[in-house]
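Take a look at the structure below.
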Number of protein chains: 2
Amino acid sequence: MSQYHPPVLDAKFILDQLIGFDGLCEKLQLEDINIDLADAVLEEAGKLSSEVFAPLNWDTDQNPAQWADNSVTQSPGLKEAYQQFVDNGWSTLTAPEEFGGQNLPQVLGTAVSEMWQASNMAFALCPLLSIGSVEALLAHGSDELKALYLPRLIAGEWTGTMNLTEPGAGSDLAAVSTTATPDGDHYRIKGQKIFITWGDHQMTPNIVHLVLARLPDAPPGVKGISLFIVPKFVLDENGEPGERNDVYPISIEHKLGIHGSPTCTMAFGDNEGAIGYLVGEPHKGLPYMFTMMNHARQGVGVQGLGISDRAYQQAVQYARERVQGKNKDGSKKPIIEYPDVRRMLLTMRSGVEAMRALALEASAALDFAHADNNSKEKYARLELFTPIVKGWMTEFAQELTSLNIQVHGGMGYVEETGAAQHFRDARILPIYEGTTAIQALDLIGRKVLMDGGVALESLLSDMAATANELSASSNADAQAFGASFAQAVDKARAAKEWLLTNAPSEKELSQAVCFDMLMAMGYLCGGWMQGRTLLAVIALTDANDDVYGEEFLAKKRISAMYYSQCLLPRALHHFGVMVQNPQALYEFAVDQF
Amino acid sequence: MSQYHPPVLDAKFILDQLIGFDGLCEKLQLEDINIDLADAVLEEAGKLSSEVFAPLNWDTDQNPAQWADNSVTQSPGLKEAYQQFVDNGWSTLTAPEEFGGQNLPQVLGTAVSEMWQASNMAFALCPLLSIGSVEALLAHGSDELKALYLPRLIAGEWTGTMNLTEPGAGSDLAAVSTTATPDGDHYRIKGQKIFITWGDHQMTPNIVHLVLARLPDAPPGVKGISLFIVPKFVLDENGEPGERNDVYPISIEHKLGIHGSPTCTMAFGDNEGAIGYLVGEPHKGLPYMFTMMNHARQGVGVQGLGISDRAYQQAVQYARERVQGKNKDGSKKPIIEYPDVRRMLLTMRSGVEAMRALALEASAALDFAHADNNSKEKYARLELFTPIVKGWMTEFAQELTSLNIQVHGGMGYVEETGAAQHFRDARILPIYEGTTAIQALDLIGRKVLMDGGVALESLLSDMAATANELSASSNADAQAFGASFAQAVDKARAAKEWLLTNAPSEKELSQAVCFDMLMAMGYLCGGWMQGRTLLAVIALTDANDDVYGEEFLAKKRISAMYYSQCLLPRALHHFGVMVQNPQALYEFAVDQF
């Protein structure tokens, strides 16, 4: 299997040079935290991911989680890996100190999370979902629920799951039909949830299920959904796992990928009713879900980044080793020397670096919003980024993991090579945690049309400033980048105006054009990050920097220039298709397809 | 599993209206063949494919071919399916009458082949490869070899395989190291071949392997490769399978997809040496391979078409049945009514229809070349199409089969749905029979630069004529299509000029830009076919046609217009990226990636 080289230096570069990590920590009043500490954290996470998680990745795929007798056993080796993760305190990284967390900035948590996802995505889904339940409880749980559950979840002693989807309720949560009936100080939950990631396993003595269900007096639709906490083992008077609760995995899915992640159908209350506790107020389940959406959705975007980088690294390794044809001097030629192989590798590398920078920028937006008392403007930037990070990065990951197979040629189609696993694993990403269409609708509807384009215009202004800075540089690369980027920003502004003009009067227009807008914004945001990278590289080179070194900076420049020439044009293409708003979409009757 | 609806009417429309099937048959002096007979053939093929092959597709995936004791047993059910295929004479369709064939035009064979590929790609690979060995023997075999092998191969009594690839010789056939040593009237073949599709099975009493190997006096490189025929059972004096030859499958691959197609490592001559017979002259193996390249490569392109159509049909079926959300009147809303789902379905439908028309146009180019005594000009058109059909259609199939999963949402990721199988099966297509890079290099090098762009300019002229005809129409759709298409043709001409100017002086430029040129040409050719479709639709509508019916014609129009607005712009995008010729490609040292 391919080795994994954690991108410690690149993450440090982005945190330090593009995000301004030290300044952020100051704003967050985290006095002892700085870029050197972040670097040390990245280094340690890199070790665990490359030495423990990555070597398990292929075995995990070949020995999927097993279901028997309403119980799931995880793939071999994962329990021990999880214990190392917990023992080293990784689950506590960004959680509040009050409940045992280390209170580090989210952006550092994201940089670290990339490494978990890259090294073993199926496994890393488990802690990713636990963070979701922590966030929900932190934001909306009573003090009692917080005291009972948060320290254990944050310590990683227990894991958490999210139970939203039902057979008839996927993208449309209005159709949730699971019920919650009051029964003394708690509720009895009855219903079935599907596609529950890590819904059961034997890695921890308890599992905390967060469940959407309806109270007896609930109004119909999304305004009648409440959020409940349903532990696998009901806590006893000492807060320890006691009686087995009436919630069981009744099957697991046979999936294309992420075989190490058990995807469960969960039966709540098939017997006496599962004991559940209301989180927050009745009927507020959906807005509560939205409060943790930013983190969960960006987290899936980061999975797209991680698995793309892993695929890139594997492709490079193979392209160096595989020889085909000869050089003029008769020596054998590794395929990495062929321009078309380089095209594939640079598409991957440049794409990955753009995604990494965007993921950290978007994650830092949460930190900056916190630092600024969740100011409306800062929060709007965060919210604007979220569907782009989730939607674009997971779609892009499809292409990049597929390129790894292509670089391998016939060997890429043979399962033992491992390239196919990354490709199979990646295919879930544009589906779960809200499909690409859901992200695209969120972007165009809630994030652009709802505020009349204000948050988008603010972002585009910042981009235009970057374009100006690039164009004003004395560096020829910067000038060329600036010219292309300015054109892309202009096109984005025109598309925004077109949207604001036409969407209100044409009912379905937003839905028709949202996908292309999402993809266009993704490539544009990637271009912004690569443009800022180029500016930082030029400044560091001019200052004879010796932190990152000449070679690192030279490579970043090449990657940025490749992006501006070969990937940024995709933004223009998608903006162009977007404003076509093809009438053909509406002309087919349902039975005519 | 999803049903398969063979595209009989659409194939008939393309043959009749775009290709001019009756005129072609006249040119080929096939007096009894016309569009009505073609229609009947398509109808019958449709039945076998939808009633016999398609229902086996999922079982074949789940019960892969098995290897044991140097022998392969095919998936259950395939032997019987193959027998039906043979009994109904399908293997003889386009073969010459002299050896028992029906001598029908290639273009009809291609239309039929799409149905085999769509209904069961892993299975249909077997007869596809047999045709390859028939073509090689027809073109280059001695009369004796022809008499011994052709009638059986054409009748489907025996199957044929192609043995090119070795562990060190994939895209680079110069590295072939299998040897052939003279031994009386035959040769002894020794060596190992990998990735041999349908290298062994129990469906027929003999298998005919065509093998590339080197004679003792062979010059190095591609000019020292000869072609041999190596039967699994050596023929006795009556031409019947006799002694077991020394060629064995020593393992099969565990692959991402096409599980029903055994991919063998073949050991030739591990014991006494496999008996082989030279085909044609010594050292001409590679040019001989090229003579059947057009058919084999276009055949793989047709696999991309077939599997994309199958994926489209499955997506439509699911999108009609799956309800999410409600209409204003409270009725449940099938997801097919949502514009973004329609975007996905129309991308698939419009793409599939463009591919089908192009596949038939390209296949008919072979017939027209034959009819015209293989005139240089007609043959050049055929040769120009081949890499486009193979490269573009198999790359496009990746996106289209992936969209099927996306339409299915979470269900698409569950293997039992079957959407994942099409996606997994499709992933081999841009790899085997020459990777996309090999196609792209062939296009730019042998098909464009070698003749100074003459064949390409001839194609672009024909396209420009179509653009003019569209623009000159009184129909508003045609005018809009014509304007977009004229722009795309102009861009293609500019890209061609840029290439002819710059490629000769810049050694690696062709390799650097070939992928984007290939994709651009693919979307452009698809646009040409859709433009001609639109013209035919308008003419038929104006003439109150009652062969295809109003609804069929209306749907073709919608599909064409969608293509011009949303898919044709991709040609412009790729031509634009092509002429960037990014220097970044050359700047990374091998160890810097």
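All values derive from a computational prediction rather than experimental measurement. Every chain is numbered from 1, with letters handed out A, B, ... down the list of sequences.
Taking chain A as the reference chain and counting heavy-atom pairs below 4.5 Å, the highest number among B:Ser402, B:Gly576, B:Ala419 is found for B:Ser402. Of the listed residues (B:Tyr562, B:Phe593, B:Tyr432), the one with the most heavy-atom contacts under 4.5 Å to chain A is B:Phe593. With chain A as the partner, the residue from B:Arg349, B:Met578, B:Glu253 showing the most heavy-atom pairs under 4.5 Å is B:Arg349. Among the candidates B:Ala319, B:Ala175, B:Ser564, B:Pro430, the residue making the largest number of heavy-atom pairs closer than 4.5 Å to chain A is B:Pro430. Between chain A and the options B:Leu572, B:Asp591, B:Leu173, heavy-atom pairs under 4.5 Å are most frequent for B:Asp591. Chain A forms the most heavy-atom pairs under 4.5 Å with one residue out of B:Ile405, B:Leu567, B:Val577, and that residue is B:Ile405.
In this structure, the side chain of B:Lys555 engages the main chain of A:Gln592 through a donor-acceptor pair within 3.5 Å. Listed for the A:Arg343 side chain is no donor-acceptor partner under 3.5 Å among the backbone atoms of B:Gln511. With hydrogens and angles ignored, the 3.5 Å screen pairs a side-chain donor or acceptor of A:Asp172 with a backbone N or O of B:Gly325. The closest donor-acceptor contact from the side chain of A:Gln324 to the backbone of B:Gly170 lies under 3.5 Å. B:Arg322 places no side-chain N or O within donor-acceptor distance of the main-chain N or O of A:Gly168, the cut-off being under 3.5 Å.
Within the 4.5 angstrom heavy-atom criterion, atoms from both the backbone and the side chain of A:Met411 approach chain B. For chain B, the nearby part of A:Ala589 is the backbone; its heavy atoms alone come within less than 4.5 Å. If you measure heavy-atom distances from A:Ser510 to chain B, you find no contacts under 4.5 Å at all. Contacts between A:Ala169 and chain B at a heavy-atom distance below 4.5 Å involve the backbone alone (N, CA, C, O). Of the two parts of B:Ala512, the backbone and the side chain both hold a non-hydrogen atom closer than 4.5 Å to a non-hydrogen atom of chain A. Contacts of A:Ala174 with chain B are absent, with no heavy-atom separation under 4.5 Å from either backbone or side chain. Heavy-atom distances place both the backbone and the side chain of A:Arg427 under 4.5 Å from chain B. Interface remark: A:Pro167 contributes backbone atoms only to the contact with chain B (heavy atom separation under 4.5 Å).
Judged by the 6.0 Å and 45° rule, A:Arg342 forms no cation-pi pair with B:Phe588.
Side chains of B:Glu416 and A:His254 form a contact here, defined as non-hydrogen atoms less than 4.5 Å apart.
For the pair B:Val590 and A:Arg320, the tightest heavy-atom approach, listed with the atom from each and the gap, is O-NE, 3.1 Å. When all heavy atoms of A:Gln583 and B:Gln565 are compared, the pair lying nearest together is N-OE1, 4.2 Å.
Aromatic ring orientation, A:Phe423 versus B:Phe423: parallel (interplanar angle below 30°, classes split at 30° and 60°).
A salt bridge links A:Glu587 to B:Arg557: one of the charged nitrogens lies within less than 4.0 Å of a carboxylate oxygen.
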